[in-house]
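Quick notes on the structure that follows.
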Amino acid sequence: MAYRAWEVALGAVVMAAAVVFVVFALRATGTVLSDAQGYDLHASFRSAEGVRPGTEVRLAGVKIGTVTNLSLNPQDFRAQLTIAVNRGIELPSDSTIQVASEGILGGTFVEILPGGDLENLQPGDTFQDTQSAVSLITLLLRAFTGSDSSEEPAP
């Protein structure tokens with residue numbers, strides 16, 4: 001069975017569109033197809049709202065890794081986060097890790113604020129200083145009601 005030229009051309013266009021879609025999907029989700037992702041670090045948060053595996057990890061606004069695992073510790077009910085940091089990035093052991101938002105309608109990312117310690121975090125280490133996600137709903141309620149959970153009731 002012989003194929004006409006337009007059938008072959010149409011098939012090529014469909015295949016090219018499929019390749020473009022796959023590349024876009026891999027880039028949009030932050031999926032990496034190689035094993036040379038980097039080294040793992042761990043952190044424990046009171047709240048990791050908006051964070052999921054694949055969430056970007058940034059330092060000075062530059063992506064340096066991704067979240068690889070998120071689970072709940074049943075003993076202390078804290079979110080346990082595992083991140084993969086790109087090879088070649090050395091973080092001081094007193095660095096801070098926090099859950100941050102890109103804005104009111106923006107997404108969530110994990111930000112690392114480097115410390116000044118001369119020793120660096122090693123693969124498998126845990127961040128000692130963490131800052132949890134701030135709930136936008138809680139902030140709006142505080143702004144509109146004027147209440148603050150740190151205020152003590154009057155005697």
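Remember, it's a predicted structure, so these values are computed and weren't measured experimentally.
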Heavy-atom pair with the smallest gap, counting every atom of N86 and Y39:
O-CE2, 4.0 Å

Which heavy atom of E49 sits nearest a heavy atom of T108, and at what distance?
O-CG2, 3.9 Å

Same apolar cluster: V51 and F45, side chain cutoff 4.5 Å:
yes

Walk me through whether D76 and R46 qualify under side-chain contact (heavy atoms from CB on, under 4.5 Å).
CA-CA 9 Å; D76 60 7; R46 181 186 52 75; over 6 Å; no

Side-chain donor-acceptor distances from residues 111-118 under 3.5 Å, at least two apart:
{"from": "E111", "atom 1": "OE1", "to": "Q98", "atom 2": "NE2", "distance (Å)": "2.9"}
{"from": "D117", "atom 1": "OD1", "to": "E119", "atom 2": "N", "distance (Å)": "3.4"}
{"from": "D117", "atom 1": "OD2", "to": "S93", "atom 2": "OG", "distance (Å)": "2.6"}

Rounded distance (nearest 0.5 Å) linking atom CG of D40 with atom CG of D125
11.5 Å

Given Q80 and H42, is the side-chain contact (heavy atoms from CB on, under 4.5 Å) satisfied, shown in steps?
CA-CA 7 Å; Q80 300 297 319; H42 306 282; 5.9 Å; no

Any idea which heavy atoms bring I83 and V57 closest together, and the distance?
CG2-CG2, 3.8 Å

Applying a strict under-4.5 Å side-chain criterion to I, L, V, M, F, W and Y, I'd like to know whether V85 and F109 cluster together.
no

Check S47 against V99 and note the closest heavy-atom contact, atom names and distance.
O-CG2, 4.3 Å

Closest heavy-atom pair, T130 versus A43, reported as atoms and distance to 0.1 Å, is CG2-CB, 4.0 Å

How many angstroms lie between CG in L70 and OG1 in T55, if you round to the nearest 0.5 Å?
8.0 Å

R58 meets the salt bridge (Lys or Arg N to Asp or Glu O under 4.0 Å) criterion, sequence neighbours left out, with E56, E102

If you measure from CG on L41 to CG on L81, what distance do you get to the nearest 0.5 Å?
10.5 Å

Trace of the side-chain contact (heavy atoms from CB on, under 4.5 Å) decision for D94 with D129:
CA-CA 7 Å; D94 62 343; D129 189 12; over 6 Å; no

Nearest-0.5 Å distance, OG of residue S71 to CZ of residue R78:
12.5 Å

Straight-line distance of S95 OG to L121 CG, nearest 0.5 Å:
6.0 Å

Using modelled atom types only, decide if a donor and an acceptor are shared between the side chain of E90 and the backbone of G88 within a distance under 3.5 Å.
no

Is a donor on one side and an acceptor on the other found under 3.5 Å between the side chain of T68 and the backbone of T82?
yes

From R87 atom CZ to I64 atom CD1, the distance as rounded to the nearest 0.5 Å
14.0 Å

